[in-house]
Amino acid sequence: MTAELGHFALTLALFVAIVQSSLPLVGAHRGKSQWMAVASPAALLQFGLVAIAFGCLTHLYVTSDFSVLNVAANSHTDKPMIYKISGVWGNHEGSMLLWVLIMALFGCAVAAFGGNLPPTLKARVLAVQALVAVGFYLFILLTSNPFDRLFPPPVNGQDLNPLLQDPGLAFHPPMLYLGYVGFSMAFSFAIAALIEGRVDAAWARWVRPWTLAAWIFLTAGIALGSWWAYYELGWGGWWFWDPVENASFMPWLAGTALLHSATVVEKRDTLKGWTILLAIITFSMSLLGTFLVRSGVLTSVHAFATDPARGVFILVLLIIVIGGSLALYAWRGPSLVSAGLFQPISREGALLFNNLVMATATAVVLLGTLYPLLLDAIGGGKISVGPPFFNAVFIPLMVPMIAAMAVGPLLNWKRGDWRAALQRLWPALLAAAIGGTGAWAIVTDGPFMGIVGMTLAFWLGAGTLVELAERMRLGREPLSRSLSRLKRQPRASWGMTLAHFGLAIGIAGMTGAGAWVKESIQVMKPGDTTMLAGYEFRFDGARAIGGPNYTATAGQFTVSRDGVRIGTLESEKRIYNVSGQPTTEAAIRTTVAGDLYAVIGDRDAATGGFVTRLYFNPLVVWMWIGTLVMIIGGTISLTDRRHRVGAPQTRANPPARAQAAGAD
Amino acid sequence: MVKRLPYLLPLGLFLVLSAYFAVGLTKDPSIIPSALIDQAAPQFDLPPIEGGKGAGFSTADLKEGEVSVVNIFASWCIPCRAEHPNINRLADMGVARVYGLNYKDEPGKALAWLNELGDNYTATGADRSGRVGIDWGVYGVPETFVIDGAGRIRYKHVGPIIDDKLETEILPIIEQIKRDGS
């Protein structure tokens with residue numbers, strides 16, 4: 001019964017979405033307020049229905065109802081409860097259900113909290129949101145129904161892919177989807193604005209929190225995925241430029257650009273057409289990511305489903321949504337007149353530079369991801385993609401952007417003075433020199449990029465602090481005045497400072513983990529020791545252990561430095577009972593200087609020892625801390641007062657005071 | 001009209017991209033014709049993976065009268081992990097020599113990878129610069145070639161050999177080459 005109830009609720013949600021996407025749109029066009037008023041209750045109802053459907057599927061997983069195909073294919077009675085629940089979205093059908101659930105959740109949030117939106121804008125936003133949802137409901141119901149029954153039901157299920165049975169990955173997809181789908185809000189606002197033919201500061205102020213929320217979730221989702229790859233794949237790496245990773249990175253890049261250009265629209269009433277385009281592109285990248293992962297046009301082990309019928313459906317959906325919105329942009333875009341003019345060297349100019357680099361980076365990642373596919377379509381050619389390509393193209397793009405990132409916030413709106421900005425940045429210049437020289441002195445045999453990375457990290461970190469000090473007028477006014485200025489900083493400014501500073505920390509971590517990793521692979525017998533990066537790893541031995549649905553070999557290492565015992569590491573090599581698939585559980589001990597990372601491999605038949613892999617990954621923890629700081633920054637910015645108070649007034653001429661105080 | 005052009009550009013680009021996608025969907029991404037089919041394998045002589053076993057891998061290994069399979073792999077390539085059990089299984093069957101060509105990889109990572117997943121290759125060559133890969137027409141790993149006893153390329157598979165591809169594609173080709181040869 002539960003499966004049928006879920007199916008029924010989902011079908012009803014489709015019909016509610018159809019109503020929500022049509023009546024309010026027509027109503028807004030004809031000025032019929034009763035028709036427009038349908039949007040909000042419909043959005044709430046739609047969310048309620050999808051929540052019921054999602055609850056039903058979760059119930060089927062929790063009770064291990066193997067008469068449902070989806071549960072039988074992806075679950076098992078021995079699986080721990082948390083993975084029974086995460087199994088709901090650990091497969092194609094369930095993850096699509098999660099997608100529409102989140103989409104409806106965002107719509108519901110606009111209906112509930114969007115009280116200060118102009119009625120026509122609100123109606124149109126909700127209608128566009130529902131229109132996209134209709135496509136996804138049809139996709140699920142016609143090609144990927146999670147509620148299909150299986151007869152006769154098997155005695156037990158086929159279990160979830162063991163690599164996915166991990167706490168990090170249990171929460172990775174929901175975070176990622178909250179990000180992906182969250183950008184649908186920015187998209188709906190952009191389309192609604194194109195239909196209304198009006199983009200102003202107020203519009204940007206409404207769009208920003210939604211974009212920011214999506215950006216926070218996407219950042220967290222990508223970081224969780226990267227963290228998972230780091231400790232679960234067991235080879236010390238944290239980013240592989242896999243098509244699926246790229247699929248989440250492209251909306252992040254475009255979304256970051258969107259956040260910055262929306263600021264320009266809000267503060268300076270310019271870059272309107274570009275911001276609208278970015279909003280469309282950002283969500284398109286989310287959709288494209290789904291298409292690439294779900295359709296099987298690119299082969300990847302992440303791909304749950306490689307079904308051409310689904311591929312065709314998603315492609316048609318893409319053409320309607322992206323093609324349709326870009327056509328609307330081509331038609332209505334030219335009527336969006338930007339008011340504010342600005343010099344190339346100005347805050348707007350710096351933000352535009354950020355936008356151009358981010359857009360180029362998005363295009364580069366897209367190109368690298370699609371190149372094999374494009375070449376195939378035109379009959380072949382030769383290029384290698386993978387980390388060599390991305391590292392060669394992506395890093396050089398980021399270097400000038402990070403360099404400019406410290407300068408941009410110090411420039412005035414409209415017309416900036418880069419000499420003055422650079423003069424104020426002398427502490428950052430000093431910090432950069434110290435960082436670069438320090439890196440060169442400490443890691444004498446490291447690659448050149450390591451020095452570049454550290455220089456940039458210190459430059460950006462110190463530059464961000466300089467900008468904060470400037471806003472406090474530190475040193476130019478009595479300290480008490482400066483501190484009270486600091487207290488009065490709007491939360492959005494704190495958000496920028498923290499996000500930029502977090503990135504600086506993250507760059508330091510990525511540089512350390514990317515450029516200075518030390519590794520050692522050998523066969524070790526119990527009692528053997530290996531020296532690595534000044535640490536002594538002693539292999540204590542291995543024993544067999546059992547888990548709920550796997551058996552494992554656990555190897556223990558004792559690590560010491562200069563004769564002082566630091567601790568023990570225990571790594572597991574698991575074999576899952578149902579699939580017979582092995583997974584590695586790396587043993588990691590985190591310190592501020594770097595991670596000690598040990599992995600036990602197979603028994604070596606000749607010597608009776610075990611293959612062991614030992615790594616010293618410098619500064620990895622700073623990568624996660626940096627991401628966390630960025631997320632905290634985003635969250636603080638999200639709680640800024642101006643997002644909560646009533647509808648802001650459009651200012652034709654911002655007062656000069658705003659330029660001097662120069663918030664984000 | 002000129003003013004509208006920048007606004008039409010995104011739509012145009014997207015439509016071109018969609019056309020590619022549409023064509024891409026009709027193709028099996030793992031079947032790509034190679035200009036090298038029925039040509040002699042390119043000349044190369046690669047050292048073994050630094051610190052690894054064996055004496056390397058060269059063109060001469062492919063001309064010893066036996067059917068060979070050349071598998072291009074890299075530790076940074078995630079699909080390679082998926083197909084590797086099948087490559088090991090193929091080597092265990094003994095129907096053909098299975099050579100590994102380690103493409104644009106770091107020796108430490110490659111060895112760790114082989115240690116973890118098993119190394120059943122007859123021999124492995126390290127192509128650190130990717131120069132040999134260019135001669136082979138590699139444009140994405142993994143790729144797998146089937147070579148006859150005379151050192152001619154007879155088949156190329158792009159993408160991981162997963163699901164039943166070993167049984168339905170690679171093994172029949174090896175058998176056919178053996179039948180033709182006798």
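Atom set for the values below is all heavy atoms of this structure, side chains included, hydrogens, waters and symmetry mates excluded. Below, read A as the first sequence line, B as the second, and so on, with proteins coming before strands; counting in each chain starts at 1.
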Smallest separation among heavy atoms of I521(A) and A112(B), with atom names
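Closest heavy-atom pair between I521(A) and A112(B): CG1-CB, 3.8 Å.
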When heavy-atom pairs shorter than 4.5 Å are enumerated against chain B, which of I280(A), V523(A), I319(A), I322(A) gives the highest number?
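Looking at each of I280(A), V523(A), I319(A), I322(A) in turn, I322(A) comes out on top.
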Between A327(A), G323(A), G601(A), P334(A), which has the largest tally of heavy atom pairs under 4.5 Å with chain B?
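It is P334(A).
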Select one option (side chain, backbone, both, neither) describing which atoms of I281(A) are under 4.5 Å from chain B's heavy atoms.
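Neither the backbone nor the side chain of I281(A) comes within 4.5 Å of chain B.
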For L326(A), is it the side chain, the backbone, both, or neither that has a heavy atom closer than 4.5 Å to a heavy atom of chain B?
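Both backbone and side chain.
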E167(B) atom CD: more than 12 heavy-atom contacts under 6.0 Å
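For E167(B), atom CD is crowded (more than 12 foreign heavy atoms under 6.0 Å).
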Presence of salt bridge, E116(B) and K573(A), under 4.0 angstrom
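Salt bridge flag = no for E116(B) with K573(A).
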If I take atom [atom1] from residue [X] and atom [atom2] from residue [Y], how far apart are they, to the nearest 0.5 angstrom?
{"X": "L277(A)", "Y": "Y7(B)", "atom1": "CG", "atom2": "OH", "answer": "9.5 Å"}
{"X": "W331(A)", "Y": "L11(B)", "atom1": "CH2", "atom2": "CG", "answer": "14.0 Å"}
{"X": "L111(B)", "Y": "R613(A)", "atom1": "CG", "atom2": "CZ", "answer": "11.0 Å"}
{"X": "K109(B)", "Y": "Y615(A)", "atom1": "NZ", "atom2": "OH", "answer": "7.5 Å"}

